[in-house]
Amino acid sequence: MRTFLGLGSNLGDRAYYLSEAISALEGPAIRVITASRIYETEPWGRLDQPLFWNQVVEIETSLEPLDLLHVCQEIELRLGRVRKEHWGSRTIDIDLLIYDNRVSESEELKLPHPYLEERAFVLAPLREIAPKLILPSGRSINEVEGEGKVYPLTTNKL
Ligand SMILES: Nc1ncnc2c1ncn2[C@@H]1O[C@H](COP(=O)(O)OP(=O)(O)OP(=O)(O)O)[C@@H](O)[C@H]1O
Ligand SMILES: Nc1nc2c(c(=O)[nH]1)N=C(CO)CN2
C-alpha cells in the first residue's frame, strides 16, 4: 500500500491553487513522488457550483496520518480556504485518500477516504498514476469507475 492525497479547487485561479498546494506539501517530512495531470470535473454531490479541477498525488512521508491531515489543513488555510460549506466551493481542498493500509474511523480522520470508490474525480487521476493499484477494499483500480464526468486537461508537470 502507498499514500495518496486528492486535491480539488473550484474557486479563483484553480491552476494556481493546485500548484501552490503541491509546492507547499514538499518539505522535510513530505516528498511528492508523482502528480497526476489536472482533470476538469463535474461537481459531485452538490451540483450547483462551478466545475472543479482535481489532481491526485502520491507522497512519501514520515508523518503519522493525523499529523499529515493537520499539515494539509494548514495549507488549505494558508491558500485562503474560508468557506466551510459541506461539499461546497473552495479554493483548495486536500483529502487523505489512502495512507498505506491504515484504517481510521474517527470523525476527524476517516481512512481510507469514505467516498474513494464513488468519485470518478478521484479514481481517474489515481488510476493514471497507479494503474496497478489494489484499493483497500481489495478491488483493482481498473474495476471501479465512480460517478461524474472527468476530462484530463494538461500534460503533467511537477
Ligand atoms: N480522509 C480525510 N481527509 C481529509 N479530511 C478528512 C478525512 N476524514 C475525515 N476528514 C475530516 O473531514 C472534515 C471536513 O472536511 P471538508 O470540509 O474538507 O469536507 P468536504 O471536503 O466538504 O467533504 P469530503 O470529506 O466528502 O471530501 C475535516 O475537518 C476533517 O477532519
Ligand atoms: N468534482 C468534484 N466534486 C466535488 C469535490 C471535488 O474535489 N471535485 N469535492 C467535494 C468535497 O470534498 C464535493 N464535490
Side-chain angles (χ1 to χ4, degrees), residues 1-22 24-25 29-30 32 35-130 133 135-137 141 144-154 156:
M1 273 292 173
R2 299 139 78 185
T3 299
F4 296 96
L5 305 178
L7 285 73
S9 168
N10 75 340
L11 261 188
D13 186 341
R14 298 168 294 177
Y16 168 83
Y17 288 117
L18 290 172
S19 85
E20 283 295 304
I22 292 174
L25 283 165
I30 302 175
V32 178
S36 74
R37 289 173 294 177
I38 293 170
Y39 289 69
E40 186 165 71
T41 67
E42 270 184 358
W44 182 102
R46 277 195 45 183
L47 304 180
D48 58 332
Q49 54 178 331
L51 292 172
F52 279 82
W53 281 15
N54 285 105
Q55 211 170 359
V56 168
V57 297
E58 178 169 7
I59 61 163
E60 253 170 29
T61 184
S62 54
L63 300 176
E64 284 298 306
L66 261 187
D67 294 324
L68 176 61
L69 176 71
H70 295 151
V71 167
C72 293
Q73 290 172 339
E74 270 174 36
I75 296 171
E76 289 176 351
L77 281 179
R78 221 182 321 141
L79 290 179
R81 177 161 170 197
V82 283
R83 305 263 296 275
K84 266 282 169 189
E85 218 169 80
H86 189 49
W87 289 348
S89 295
R90 64 276 315 276
T91 52
I92 191 76
D93 179 35
I94 308 175
D95 286 337
L96 275 62
L97 303 174
I98 295 173
Y99 186 114
D100 292 325
N101 54 0
R102 301 287 188 97
V103 173
S104 168
E105 282 165 359
S106 66
E107 266 313 301
E108 186 179 14
L109 181 60
K110 296 201 195 304
L111 283 173
H113 193 284
Y115 299 111
L116 180 61
E117 296 198 11
E118 291 163 47
R119 293 175 158 179
F121 74 78
V122 169
L123 292 166
L126 184 58
R127 188 178 306 111
E128 178 194 324
I129 61 172
L133 187 71
L135 294 163
S137 65
I141 183 79
V144 269
E145 289 289 325
E147 281 169 23
K149 294 213 175 82
V150 303
Y151 309 95
L153 270 189
T154 60
N156 191 26

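Every number for a ligand or one of its atoms is a count from 1 in the order of the listing. Keep in mind that the numbers below use all heavy atoms, side chains included, and drop hydrogens, waters and symmetry copies.
Shown in contact with N54 at under 4.0 Å from a heavy atom are these atoms of ligand 2, numbered in order with element: 1 (N), 2 (C), 6 (C), 7 (O), 8 (N). Applying the 4.0 Å criterion to heavy atoms of Y115 picks out, from ligand 1, the atoms 26 (O). Atom numbering of ligand 1 starts at 1 in the shown order; those under 4.0 Å from a heavy atom of Q73 are 28 (C), 29 (O), 30 (C), 31 (O). Set against the non-hydrogen atoms of D93, the atoms of ligand 2 under 4.0 Å away are 12 (O).
With a heavy-atom cut-off of 4.0 Å, E107 touches ligand 1 through its backbone alone. At a heavy-atom cutoff of 4.0 Å, ligand 1 is contacted by the side chain of R119 but not by its backbone. At a heavy-atom distance under 4.0 Å, only backbone atoms of E42 (N, CA, C or O) approach ligand 2. Residue-level proximity to ligand 2 for W44 is carried by backbone and side chain together, each with a heavy atom below 4.0 angstrom. Of the heavy atoms in L109, both backbone and side-chain atoms come closer than 4.0 Å to ligand 1.
Nearest to atom 7 (C) of ligand 1 by heavy-atom distance, out of E118, K110, H70, is K110. The heavy atom nearest to atom 18 (O) of ligand 1, considering only L69, L116, D93, is found in D93. Evaluated by nearest non-hydrogen atom to atom 21 (O) of ligand 1, the leading choice among E76, E105, R46, R90 is R90. Taking all heavy atoms of I94, T41, N10 into account, the minimum distance to atom 1 (N) of ligand 2 is reached by T41.
Rounding to the nearest 0.5 Å places CG of D67 at 8.5 Å from OG1 of T61. Note that OH of Y99 is 12.0 Å distant from CG of L69, once rounded to the nearest 0.5 Å. Distance check: L153 CG to N54 CG gives 10.5 Å after rounding to the nearest 0.5 Å.
Considering only heavy atoms from C-beta on, E76 stays 4.5 Å or farther from R90 through its side chain. Side-chain contact between L66 and S106 is absent, with no heavy atoms from C-beta onward closer than 4.5 Å. Counting heavy atoms from C-beta on, the side chains of D93 and F52 never come closer than 4.5 Å. When side chains are defined from C-beta on, E64 counts as touching R102, because their heavy atoms get closer than 4.5 Å. For the pair D95/R119, a side-chain contact is recorded, criterion being any heavy-atom separation below 4.5 Å from C-beta on.
Under the 4.0 angstrom criterion for non-hydrogen atoms, G148 is not in contact with ligand 2.
Using a 4.0 Å cut-off between charged nitrogen and carboxylate oxygen, R78 and E20 do not count as a salt-bridge pair.
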(request) I would like to know whether L5 and L97 meet side chain to side chain contact (heavy atoms under 4.5 Å, CB included); could you show each step before the answer? (result) CA-CA 5 Å; L5 305 178; L97 303 174; 5.7 Å; no
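The shortest N/O to N/O separation between L96 and ligand 1 falls below 3.5 Å.
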